[in-house]
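One structure below.
One-based numbering along the sequence shown.
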Amino acid sequence: MVPAKILVVEDETIVARDIQQSLTRLGYDVPTTATSGEEAIRKTKEIDPDLILMDIVLKGQMDGVETVRQINRQFDVPVIYLTAYADDATLERAKTTSPAGYMLKPFHPNELRPTIELALHRAQIDRHLKESLRWLATTVRCMSDSMITINRGGRLTYMSQAAEALTGWLQQDAMGAELTTMFSFEGDGPVQVFENPAMQAMMECRIVRFDRVTLRAKDGTTRPVAGSTAPVIDDAGVVIGSVIVFHDAQALEQPDRGLESIRSELRQAVARAPGVINLCAWCKRVPDVSGEWYDLDTFITEHSGLQFNGGLCPACLQKCFPHS
C-alpha cells in the first residue's frame, strides 16, 4: 500500500523538521515542508499531497487560514490545522475553510495518527460523494422530463434545466416558492379539487403518479402535466421532502408532424419510382401514392386499365382438383 503523502506547513523550521520526522516514523511520506503560505500553495501544486498539516499562525502576507482558503479554490486536499491558539475567534475563522481536523500544540506524535487517518478516510468518502453527485447532476441535465424537489413544507429546493424551460422560471428566482405557485390541483369543475400528489407521497411514504395536474408557467400560460412524485427519506426514516418528475401531457399526445411528412414523401417517392412497384413479400399487396395498400390485381387495374378474369393455372387446377 502506498503511504499517504503529507505536506507540513510550519514557519518554525525546527518544529517543521520534528513533525516531518515524526510522520516519517509513523510510515507517512513527507517529501518536503513549507514555511509560508505562498510556498505552501506552490508546493501543493508540485507534489500533489494527500493531506496538509497547516499551522494557523504563519509569517508573511497570508496566515494559515487564508492559505487554506486559497488552496481550497485550486486543489482538493484535506487540511488539518495545527495551532497553539484555541480562542473562539481563531476557531471560527478556521471553521469557514471546512478543515478535516484541528490539533492544539503541543501534541504527542502518536496523537497524529488517528487524526490523520480519520481525515484521510473522510476525504475519500467526500470524493466518492462528489463523484456520485456529478454523475447524478449530469443524468438530471440529460433528462427530457422536468424535475423539481421540495422540502417537507412544500417549498421548492431544486429545479432542473428541463423544468426551467417548461415552467419559464429560473431556479434562483423560484427557490423557496410554494409548490402551488406553479401547480394547480383543481379539476375543470368548480368543486373538483384533489390532493397535492407531492404532499400525498410524503404523507403516505410512497410513489404517487398523477396525470391531471395543471402547470402555471411564469408567463401565466397553463398546460396539463403528468408524472410521478416520491418522498425523500433520511437515514433516521424521517421524510424531508419530495422529488417530482413531470412532462407536458399534451406534447406526448400530439404526433410528430415533421416525421409524418417525411414518411409520406418517402412513400410517394417509392410509389412513383420508374419501373419499381413496392410489393409486400408476405401478402403480395402494393401501396399507392397515399400510402393505402391494395391487392396486386386491384392496383394494376386502377393504374393500367387492364381487367382480370377469374381462373386457375394448370398447376393450381391440379392442386385444387387432383381427381378431375
Check your understanding: What are the two closest non-hydrogen atoms of D248 and P224, and how far apart are they?
Key -> OD1-O, 3.6 Å

Check your understanding: Can you tell me if CD on Q172 sees more than 12 non-hydrogen neighbours from other groups inside 6.0 Å?
Key -> yes

Review point. Taking only residues at least two apart or on different chains, which pairs with a member in residues 13-39 satisfy salt bridge (charged side-chain N to carboxylate O under 4.0 Å, His left out)?
Key: E39-K43

Exercise for review: Report the residues that fulfil side-chain contact (heavy atoms from CB on, under 4.5 Å) with A230, sequence neighbours left out, ordered by chain and then residue number.
Suggested key: I207

Exercise for review: Could you check if a side-chain atom of T35 sits within less than 4.5 angstrom of a side-chain atom of E10, using non-hydrogen atoms only?
Suggested key: no

Review point. With sequence neighbours excluded, what pairs up with V68 under the side-chain contact (heavy atoms from CB on, under 4.5 Å) test?
Key: M54, N72, V79, Y81, T97

Revision key, fill the gap. Using a 4.5 Å side-chain heavy-atom cut-off and chaining through intermediate ILVMFWY residues, the residues clustered with V8 come out as I6, V15, I19, L23, L26, Y28, V30, L51, L53, I80, L82, M103, F107, L112, I116, L120

Practice item. Report yes if the side chains of M175 and Q171 come closer than 4.5 Å at any heavy-atom pair, otherwise no. Key: yes

Point to revise | Qualifying side-chain hydrogen bond (donor to acceptor under 3.5 Å, both in side chains) pairs, either residue in residues 147-159, two or more places apart | key: T149-T157, R155-E178

Point to revise | Heavy-atom check, side chain of S242 versus side chain of V232, under 4.5 Å | key: no

Check your understanding: Can you list the residues that meet the salt bridge (Lys or Arg N to Asp or Glu O under 4.0 Å) rule with R113, with sequence neighbours excluded?
Key -> none

Revision key, fill the gap. By side-chain contact (heavy atoms from CB on, under 4.5 Å), I47 pairs with (sequence neighbours left out) K5, L7, P31, T32, P49

Check your understanding: Does NZ belonging to K105 count more than 12 external heavy atoms closer than 6.0 Å?
Key -> yes

Practice item. Could you please spell out the steps behind the side-chain contact (heavy atoms from CB on, under 4.5 Å) verdict for L156 and L179? Key: CA-CA 6 Å; L156 190 138; L179 183 63; over 6 Å; no

Review point. In this structure, are over 12 heavy atoms from other groups packed under 6.0 Å from I14 atom CD1?
Key: no

Review point. Which residues, ordered by chain and number, are linked to V208 in its hydrophobic cluster, where ILVMFWY side chains connect at heavy-atom gaps below 4.5 Å, directly or through other members?
Key: none

**Study point:** hydrophobic_cluster_shared for L91 and L58, side chain cutoff 4.5 Å
**Key:** yes

Exercise for review: Of all the heavy-atom pairs spanning A40 and T67, show the shortest one and how long it is.
Suggested key: CB-CG2, 4.0 Å

**Study point:** Qualifying residue, where the test is ring-ring contact (aromatic ring centres under 6.0 Å, His included) with F183 and the options are W169, F246, F210
**Key:** F246

Check your understanding: Sequence neighbours excluded, which residues qualify as salt bridge (Lys or Arg N to Asp or Glu O under 4.0 Å) partners of K130?
Key -> D76

Check your understanding: Does any non-hydrogen side-chain atom of M182 lie less than 4.5 Å from one of M159?
Key -> yes

Exercise for review: With sequence neighbours left out, write down each residue that passes salt bridge (Lys or Arg N to Asp or Glu O under 4.0 Å) with D126, or none if nothing qualifies.
Suggested key: R122

**Study point:** Nearest heavy-atom neighbours spanning T181 and A177
**Key:** OG1-CB, 4.2 Å

Point to revise | Closest heavy-atom pair and its distance - P231, V239 | key: CB-CG1, 4.4 Å

Practice item. Kindly determine whether H108 and E111 satisfy side-chain contact (heavy atoms from CB on, under 4.5 Å), including the steps that lead there. Key: CA-CA 5 Å; H108 192 276; E111 297 174 358; 3.9 Å; yes

Check your understanding: Side chains of S146 and V245: closer than 4.5 Å at any heavy-atom pair?
Key -> no

Check your understanding: What are the two closest non-hydrogen atoms of F75 and T44, and how far apart are they?
Key -> CD1-CG2, 3.6 Å

Point to revise | Criterion side-chain contact (heavy atoms from CB on, under 4.5 Å) on I244 and M147, from CA distance to verdict | key: CA-CA 6 Å; I244 307 168; M147 187 183 82; over 6 Å; no

Point to revise | Under-4.0 Å salt bridge between K95 and E92 | key: yes

Review point. Does R209 have any salt bridge (Lys or Arg N to Asp or Glu O under 4.0 Å) partners at least two apart in sequence or in another chain, and if so, which?
Key: none

Check your understanding: Does any non-hydrogen side-chain atom of T222 lie less than 4.5 Å from one of L215?
Key -> no

Review point. What closest approach, in Å, do K218 and G168 show between heavy atoms, and which atom pair accounts for it?
Key: CD-O, 3.5 Å

Study note, to complete from the structure: Sorted by chain and number, sequence neighbours left out, side-chain contact (heavy atoms from CB on, under 4.5 Å) with E66 holds for M62, D63, R69, Q70

Check your understanding: Where do I233 and V238 land on the side-chain contact (heavy atoms from CB on, under 4.5 Å) test, with the steps shown first?
Key -> CA-CA 5 Å; I233 304 173; V238 177; 5.9 Å; no

Check your understanding: In Å and rounded to the nearest 0.5 Å, what is the CD to OG1 distance from Q20 to T13?
Key -> 11.0 Å

**Study point:** Gap separating the OG atom of S36 from the CG atom of D55, nearest 0.5 angstrom
**Key:** 12.0 Å

